[in-house]
Protein chains: 2
Amino acid sequence: MTAARTVRARSAGRPTLEEVAARAGVGRGTVSRVINGSPRVSEETRAAVEAAVAELGYVPNRAARALAANRTDAIALVVPEPEARFFAEPYFSDIVRGVGAALADTEMQLLLTLVGGDRERRRLAQYLASHRVDGVLLVSVHADDPLPELLEQLGIPVVISGRRSEDEPLASVDSDNFEGARAAVAHLVAGGRRTIATITGPLDVYGARRRLDGYRAALADAGLDELAAHADFTEEGGRRAMAELLARAPGLDAVFAASDVMASGARQVLRDHGRRIPEDTALIGFDDSSIARHMDPPLTSVRQPIEEMGRAMAELLLAEISATTPTRPSLVLPTELVVRASS
Amino acid sequence: MTAARTVRARSAGRPTLEEVAARAGVGRGTVSRVINGSPRVSEETRAAVEAAVAELGYVPNRAARALAANRTDAIALVVPEPEARFFAEPYFSDIVRGVGAALADTEMQLLLTLVGGDRERRRLAQYLASHRVDGVLLVSVHADDPLPELLEQLGIPVVISGRRSEDEPLASVDSDNFEGARAAVAHLVAGGRRTIATITGPLDVYGARRRLDGYRAALADAGLDELAAHADFTEEGGRRAMAELLARAPGLDAVFAASDVMASGARQVLRDHGRRIPEDTALIGFDDSSIARHMDPPLTSVRQPIEEMGRAMAELLLAEISATTPTRPSLVLPTELVVRASS
DNA sequence: TACTACTGTGGGAGCGCTCCCAGCCGTGAT
DNA sequence: ATCACGGCTGGGAGCGCTCCCACAGTAGTA
C-alpha cells in the first residue's frame, strides 16, 4: 500500500472547483454559486454543474474554503478535563450525542478540545481566538471562569451549559434544577415522609443552589422544617453528610441528595446504620445516571434531559453564528422525576 | 496601549506571517522556518523572529497552512452512533480522555465524527477521503465493516480499537481479553468454586471469543468442565442466559459474565432464585464499569485500560502519519482483575 | 428608438501559508 | 588569488476556494 500512500502525499488527484467548471462548461464563480446554493443561477446551468459534480465526485476543500471565506464551518466543544464530574456519567456522552445530532444535517464539524490546567486554558483563548472555529460550546463553566467573557469580547459566539447565576448574560442551556428538586421532595411528602433531609452540592454552583431552593420550596409548601447538610457531589461527601444528618436527626425518614453519586454514599451509611430503604428511610438522587438504575434498591432520581441539552446548545450556537447581532438566549429544559424502589 | 491591543486581538486584525517577517526584518520564508522548527536558521535570526511573534501575538492560520501544505493537522475519532454499547460506560469518555492526553502536546486537533446509519457511513468515506484529516481512529469496528479497508486503500492512516481476528491486518490496540478472562476464572477456582459457568458475548465479536477462550483455558488448567450460555452483552441477555444456566445446572457455584451489564442481569436472576452472592454463587463481570462499583454486592470485574488504549491509539496513529511507510503495529494492553465482594 | 434596469455569468484578485529555487555570504582548498 | 561548496536567506509560485466587479443579454420604461 506504499504506492497509495505516496499518491496521497501529492494531492491524490481529487477534482477541484476549476475542473468541475471546465467539465460543466461554465466559470468558477458559477460552480461556487451552485455549491453554495445561491439562487442566482439558472436551472439549466445548475443541473449541468450538479451533473459534473456527481461525475467527478467533487467534494469542496475545506481548508481552501476556510481560507477564502474566513470561516471554518467548525465549532469547538470545550471540556474541562480535570472536572471529573463532567466526565462521569451521564454527562459527557449524552452531551456529545445531542450535539452530534444537531450537527448531523449540517456542514459543521465538531472539534473536541480537552483543557487541562491553567497553562492550557491560557493557550486555549489564543487558540480559539485565531479564528479556528466559528463558535464555542462551553460545558461545566465555573462562576469565576474568565474564558466565556474572553471569548465574547473576541466576538466568538458562545453557548454555555448551565447558568452561573439567575441572570446569565451569555447564551445558555440549563435544566430546571429548582423544579426537579421540588418535585422530588413533593413526592417524598406525598409518600408520608415528615422529616426530610437534603444533601446539597457545593453552593457556589448555581445549579446546586437551585436544587436546595427547590427542596426548601417543597418543604415550605408542606409546612415542614429544613434539614440540610452540605457536600461536594462526591461519594465520600455523601457519606459524611449522611452521617452528620443521622447524628443531628436520628428520626429522619427521607433524604434528597443533589446527585446520584452522593445518594450512593448516603445509602452506604444508611445501610451501615441498619436502616432499610425505603421502609425506614426513603432516598432520592439527582441525574438519573446508571448508578441510579443499578443501585440496590434502584434509586428514584431526577432526570435531566442531557442529550436534549446538548442538541439545544448546538442549535442555539448555530443560530448565534448566523445571526448578525447576538441575542444570547437562555433556555431552561424541564426535568423529570423517575420513581424507582428507593422512595 | 490597551486599546491598541484590543484592536489587534480582533479577528480582522490578526497578524500574518508577512507582518511578523516585516517586524523581525526578515523574509517570509525565514519566519516559516522558525515557526516550523527548521534547523537551518541562525540563532540570532531565530531569536529575532521569536521576539516578533511574541510581540504581535502571532498564531499561524490553520486553514492557510492546511491548504499550502496539504495536510490538516487533524485526526478524526469516528464513533458509530447506533452502537449503544460503545457509548455506554466506561468506553467513550475514557477513550476520549486517552486520545486527548496523547494529543495534548501536539498541534493535532481532534475531530469527533458520529456516524449513524448506512447512508451517513457512505458519506463518511467520501468525507474523510477528501483530505480533511490526516488520520482516523476507528472504534467498535465490526468484522464485516468495509470502512477500515476503504480508508486504507485511500492511503489514510487508520488505527482501530479491538482486533477483529487473530491476525488483524490494520494497526490496532486491544486489551488482553483472553488473559483477563483466564485470571477471573482462575480466581474463582482458587476460591474453591467447582461448577463455574460463563455468560458469553456475541461470538462474532473477536473480543467476546477471546474471553470465552480464556474461561476455557482456566477451566482446563483446573480440570473442570465447561458450562456456557450465549448472550449479547445486554442486561436482558444476561438475565436469560442466567436463567438457562440455572435450569441446566442448579448446582453451579460461580458465574463469569463477559460484561458487567450482563453480570447485572445475572445478579437479578440469582437474587430471584434466592441465591446469595457470593455465599451461594460467586459472580464476576468484565469492564469494571461504574455498574460494578455500585452493584450490591460490589462486583468483581476485569478492568480494561480504556484510557491507556485511547492514548495508545492516538500515539500509534501519529506514528503512522509521520512514517514514510506504514507499519501497522498491533498493541495488546494488559487487563487487571479488580476483586470485590461478589467473588 | 434610446434608455435604464435587471438577471446570469466569467474571471481577477486575493485569503495566509509552504515549498522550493535561486542568490548571497563566508569558508577552506587549490 | 581563484574556485567550489556549503549554510542562510528572500521571495516567487502556487494551494483551492470566495468575493466582487465587470459585462453580456434580455426585458421593461419613456
Side-chain angles (χ1 to χ4, degrees), chain A residues 8-50 52-53 56-74 107 129-132 134, chain B residues 8 10-50 52-53 56-74 107 109 129-132 134:
Chain A
R8 175 184 72 95
R10 60 194 68 160
S11 68
R14 300 208 68 81
T16 69
L17 234 206
E18 193 101 37
E19 296 174 47
V20 174
R23 176 83 170 216
V26 299
R28 260 185 10 256
T30 303
V31 176
S32 178
R33 264 166 237 131
V34 172
I35 299 293
N36 294 293
S38 158
R40 328 180 118 278
V41 183
S42 73
E43 267 319 308
E44 311 106 277
T45 309
R46 179 182 307 280
V49 171
E50 278 166 355
V53 165
L56 296 175
Y58 170 74
V59 181
N61 179 315
R62 275 190 111 89
R65 175 176 278 178
L67 182 58
N70 195 35
R71 66 181 154 75
T72 55
D73 288 336
E107 284 290 84
S130 65
H131 260 296
R132 285 157 163 175
D134 295 342
Chain B
R8 165 157 354 278
R10 280 219 321 232
S11 46
R14 294 213 68 79
T16 69
L17 235 205
E18 194 100 37
E19 296 173 47
V20 174
R23 176 81 171 216
V26 301
R28 264 187 4 260
T30 302
V31 177
S32 179
R33 263 166 238 132
V34 172
I35 299 293
N36 293 292
S38 158
R40 331 179 114 279
V41 183
S42 73
E43 266 320 307
E44 310 106 276
T45 309
R46 180 182 306 280
V49 170
E50 278 165 355
V53 165
L56 297 175
Y58 170 73
V59 182
N61 179 315
R62 259 180 190 267
R65 175 177 279 178
L67 182 58
N70 195 35
R71 66 181 153 77
T72 56
D73 288 336
E107 283 292 85
Q109 293 190 324
S130 65
H131 266 297
R132 284 156 164 176
D134 295 342

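Order of the sequence lines fixes the chain letters, A, B, ..., with proteins taken first and strands second; residue numbering starts at 1 for each chain.
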Would you indicate which nucleotide in [options] comes nearest to any side-chain atom of [X]?
X: Arg28(B); options: dG10(D), dC17(D), dG11(D); result: dG11(D)
X: Ala64(B); options: dG16(C), dA13(D), dG8(C); result: dG16(C)
X: Ala69(A); options: dC19(D), dG14(C), dC19(C); result: dC19(D)

It should be established whether Asn70(B) places a side-chain nitrogen or oxygen under 4.0 Å from OP1 or OP2 of nucleotide dT18(C).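 It does not, given that no N or O in the side chain of Asn70(B) lies less than 4.0 Å from OP1 or OP2 of dT18(C).
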If only side-chain N and O atoms of Thr30(B) are considered, is one of them under 4.0 Å from the OP1 or OP2 phosphate oxygen of dC8(D)?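 No, because none of the side-chain N or O atoms of Thr30(B) sits under 4.0 Å from OP1 or OP2 of dC8(D).
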Looking at the base of [N], is there any donor atom on it, or on the side chain of [X], that sits under 3.5 Å from an acceptor on the other one?
X: Arg33(A); N: dG10(C); result: yes
X: Arg40(B); N: dT9(D); result: no
X: Arg14(A); N: dG16(D); result: no

Rounded to whole Å, how long is the line connecting atom [atom1] of [X] with atom [atom2] of [N]?
X: Arg71(A); N: dC15(C); atom1: CZ; atom2: C1'; answer: 13 Å
X: Asn61(B); N: dC15(D); atom1: CG; atom2: P; answer: 18 Å
X: Asp73(A); N: dC17(D); atom1: CG; atom2: C1'; answer: 12 Å
X: Arg62(B); N: dG16(D); atom1: CZ; atom2: P; answer: 20 Å
X: Glu44(B); N: dG26(C); atom1: CD; atom2: C1'; answer: 14 Å
X: Ile35(B); N: dT18(C); atom1: CD1; atom2: C1'; answer: 12 Å
X: Arg132(B); N: dG16(D); atom1: CZ; atom2: P; answer: 14 Å

Estimated bend of the helix from dT1(C)-dA30(D) to dT30(C)-dA1(D) (axis per five terminal pairs, rounded to 10 degrees): 50°
Any sub-3.5 Å donor-acceptor pair from Thr72(A)'s side-chain atoms to Arg132(A)'s backbone N or O?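 Looks like yes, one N/O pair under 3.5 Å.
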Backbone N or O of Asp73(A) within a donor-acceptor pair of the Arg62(A) side chain at under 3.5 Å?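 Judged by distance alone, yes, a pair lies under 3.5 Å.
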On DNA chain D, nearest-nucleotide positions of Ser42(B) versus Leu67(B): which is more 5'?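 Whichever sits nearer the 5' end wins; that is Ser42(B).
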Can you give each donor-acceptor pair under 3.5 Å made by side-chain atoms of residues 25-34 of chain A, sequence neighbours left out, with the distance rounded to 0.1 Å?
unit_1, atom_1, unit_2, atom_2, d
Ser32(A), OG, Asn36(A), ND2, 3.4

Walking DNA chain C from its 5' end, the first of Pro39(A) and Gly29(A) to be reached, judged by nearest nucleotide, is Pro39(A)
